[in-house]
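Structure first, then comments.
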Amino acid sequence: MMLMRYICALLFVIPTLTVQAQPVYTYTGDTLRFEKFTGEEKFQYTIDQDSLPVKNGKYNFESRVFLKTDSNQMFAQKLRIDGGYKNDRRNGNYTFSFGEYEFELVDIKDVSAFSLNYETNGYRRQYKMNYASGIPDGRWQVVRTPLNSGRFQRPVTEVSVRFFKGVVIDDFSAQLNSGGDHPATVKGQVNASGFFDGNLYIQYERSGAEVSEVRTYDDGYLVELLKTDQSTKDTLVYIEYNDVKERLATCRDDQAEDNKFTISDEGFGVPFDNGYMRFDRRRREQKHGNEKLERVFGIFNDFHDSADYDSEPPKFLLTRRFKYIYPPEDDSLAGVLYVEAKAKQQQLQSFLDAPRFIIAKERSDSMALAYAFIEKSAQKNAAVLEAAEKVKSGYFDFLNRDTYYRRGIPELKKPDSVQYVYDDEEKTEAFDPGYYITDPDSLLPRLILYFNHLQNYTQKQIEFGERQIIKFEQQDIIDSIDTQVVKYRRLLDSLYADYAEVEDPEKQPIDYRMFKNIEKERIRSGYKSYVKEDEFGPKQKTGVELACLLKTLYHESSRARKTQEFPDKLEKMFTEFRRNPFDNRQLESKFLGGISRAGKVLLRHYVENMFAASSCEAYSNNLDKAYTLMERLEDKAENREREDVLRLNRALRRETVPSRIERLMNI
């Protein structure tokens, strides 16, 4: 009884549940299609869970008339699109109607009324396509309706193809340029896999003759091509693709072993190629028929607006190629070689681009040769890199590698030479790494061997170049030091020329005496060591120190000379004069005796250090400290009543150690 009540309750509730349909909105507004046609666009849409519009339902676009004039003729173009969407993807029937009309003015009548007499011609072409959620699916057609003297004529189906899940299949036909110049007719079959199969018929005009071309395909492989004169029935061309037939038989033979190729699943469009050279008649004789086929299968491209992302482009597989089988280890060998050759290429290019190397090659014949040699090595390495990249990328999957390299790799098959110019003279030297690739046998292992030979051969030149550049750079550094030493020694001699003959030290300025003392104790010995030293490191170090010391002595000479005034200046800082009440003389008194005495000790210490300085840093540091000391002393003298100054004075009364005085005076 309870169960029956429960069931009855459910039956009572279910009819009251209603599913509410998602609201459908309509958008109308101006837009631009195909970067040419402006007009009104109208479509239905819904709102998704993220509050974004999603096209669902009918779509329509009608352009305004696009006009252009030429003399007494006017041309008008118009586009109309009708279709539908499902979840933002084209769905169902979709039609692009494109009209192009010509209006030719014949006469104007303006007797009792004004009227124009004009002739109207042109055409309307309709691209009829079917989609299933954005994927081409079903019959696609191009229908052309001529307009003659203002009247539409009988429609002509120019192209008719069918798609299944985006891939063209089944029968197709086309009438190109119907009613115009150079008409062509195409008819054929595409199998369920999307490849040409059976007989394909093409009729077209060529050099005044009506050509009937019949091609026979076997599941995407062209096996026969026959061209006949339509009027005389004479055979113009007959090609039997025995190379293809033999390979197909081998691939389909279950007993065959060690095949070098297999049947591919990839499609390659209209042209069929089995590795033919450019002028091979098996390739050349396809040209005119291929042009017609390309027009048939490319006619929809103009109206597939991929920028909208609302549909997938149609796929035309049509022809196959043989996929070549190579040793399984080739892929891994090519990958390793590619990485190593690319790294080496970057190294070589970096070497060639280095300004130091570019400049160095102008300095000696051997460096010019080394540069040219490494340039040639980079060219050879680039050929190795290209071959490895081709194998690695699958370039030879559908191209016979043995045919492509049947005579080896041109850049790597024989000895070479390098040309270079030094001192306006053109020179040539041999370039021979000692290993070559003259045929395609065991290509990857031999490429690796060549790469190794090339690197060993090149490394010697790289090492030579590096050594030479280092020598040049070191010599440039030494030359620069020489220049500095000579320059400042001459400047100092010129600066102190007036004191060279003065023997009395009291008549010599203090900076000159410092210079003479440092010259005696440090400069002479440093100069001898610098001249005699052959090893770059110690020579550079000694030269830099010597040049720095001479430069400092010259540039700091005026500041150093002023230090001889510092003792008198210090004495005056801490001396004051007061009026004597008993006569007219001034009473002299000293103050801050501790600071004054300590200042004299420290100043004497700095000056003595400058006399004995063994480096430019020691000389400059002590000179700077002497000036800093005088600034500190002047400050203390001016603020002699300040408590911190009085405390410092008491602390310095008995201090005689320079380092402790420095610490107390914060120098």
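- Using a 4.0 Å cut-off between charged nitrogen and carboxylate oxygen, Arg321 and Glu266 do not count as a salt-bridge pair.
- Under the 6.0 Å cut-off for aromatic ring centres, Trp140 and Tyr131 qualify, their centroids lying closer than that.
- Aromatic pair Phe163/Phe316: centroids less than 6.0 angstrom apart.
- Salt bridge absent: Arg139 and Asp170 never bring a charged side-chain N and a carboxylate O closer than 4.0 Å.
- Residues Tyr276 and Asp243 have side chains that bring a donor and an acceptor to within less than 3.5 angstrom of each other.
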* **Check against salt bridge (charged side-chain N to carboxylate O under 4.0 Å, His left out), Arg89 and Asp310** => CA-CA 5 Å; Arg89 305 281 281 177; Asp310 58 2; over 6 Å; no
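- A distance-only check finds no donor-acceptor pair linking the side chain of Thr228 to the backbone of Thr235 [under 3.5 Å].
- Ring centroid separation for the pair Tyr94 and Tyr127 does not come in under the 6.0 Å cut-off.
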* Under the ring pair (Phe, Tyr, Trp, His ring centres under 6.0 Å) criterion, do Phe297 and Phe172 qualify, and how do the steps go? -> CA-CA 10 Å; Phe297 296 109; Phe172 62 90; 5.1 Å; yes
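- Looking only at atom types and distance, the side chain of Thr46 has a donor-acceptor partner in the side chain of Asn56 under 3.5 Å away.
- Looking at Asp439 and Arg407, no side-chain N of the basic residue comes within less than 4.0 Å of a carboxylate O on the acidic one, giving no salt bridge.
- In terms of modelled atom types and a separation under 3.5 Å, the side chain of Ser193 and the main chain of Phe195 share no donor-acceptor contact.
- Side-chain N or O atoms of Asp88 include one that pairs as donor or acceptor with a backbone N or O of Lys55 at under 3.5 Å.
- Sorted by first and then second residue, the salt bridge (charged side-chain N to carboxylate O under 4.0 Å, His left out) pairs involving residues 121-132 (not counting sequence neighbours) are Arg125-Glu158.
- Minimum interatomic distance between Thr262 and Cys251 (heavy atoms only, all atoms of both residues): CA-SG, 3.9 Å.
- The salt bridge (charged side-chain N to carboxylate O under 4.0 Å, His left out) pairs that include a residue from residues 188-202 number zero, where partners must be two or more places apart or lie in different chains.
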Could you list the donor-acceptor pairs under 3.5 angstrom formed by side chains in residues 378-387, with sequence neighbours left out?
unit_1	atom_1	unit_2	atom_2	d
Lys380	NZ	Glu411	O	2.6
Lys380	NZ	Asp416	OD2	2.8
Asn381	OD1	Gln455	NE2	3.4
Asn381	ND2	Ala341	O	2.9
Asn381	ND2	Gln345	OE1	2.7
Glu386	OE2	Lys390	NZ	3.0

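- Without hydrogens or angle criteria, Asp218 side chain to Tyr221 main chain gives no donor-acceptor distance under 3.5 Å.
- The stretch residues 380-402 participates, sequence neighbours left out, in these ring pair (Phe, Tyr, Trp, His ring centres under 6.0 Å) pairs: Phe268-Phe398, Tyr395-Tyr404, Phe396-Tyr404, Phe396-Tyr405.
- Salt-bridge formation is detected for the pair Lys245/Glu240: a Lys NZ or Arg NE/NH1/NH2 atom is positioned less than 4.0 Å from an Asp or Glu carboxylate oxygen.
- Applying the salt bridge (charged side-chain N to carboxylate O under 4.0 Å, His left out) rule to pairs touching residues 267-280 yields Asp280-Arg282, sequence neighbours excluded.
- For Gln203 and Lys187, the side-chain atoms include no donor-acceptor pair closer than 3.5 Å.
- Side-chain contact check for Tyr204 and Glu213: at least one donor-acceptor pair (N or O, by modelled atom type) lies under 3.5 Å.
- The closest side-chain donor-acceptor pair between Arg295 and Asn290, if any, does not fall under 3.5 angstrom.
- Pairs passing the salt bridge (charged side-chain N to carboxylate O under 4.0 Å, His left out) check and including a residue from residues 329-339, sequence neighbours excluded, read Asp330-Arg401.
- Heavy atoms from other residues, nucleotides or ligands lying under 6.0 Å from NZ of Lys36 number more than 12.
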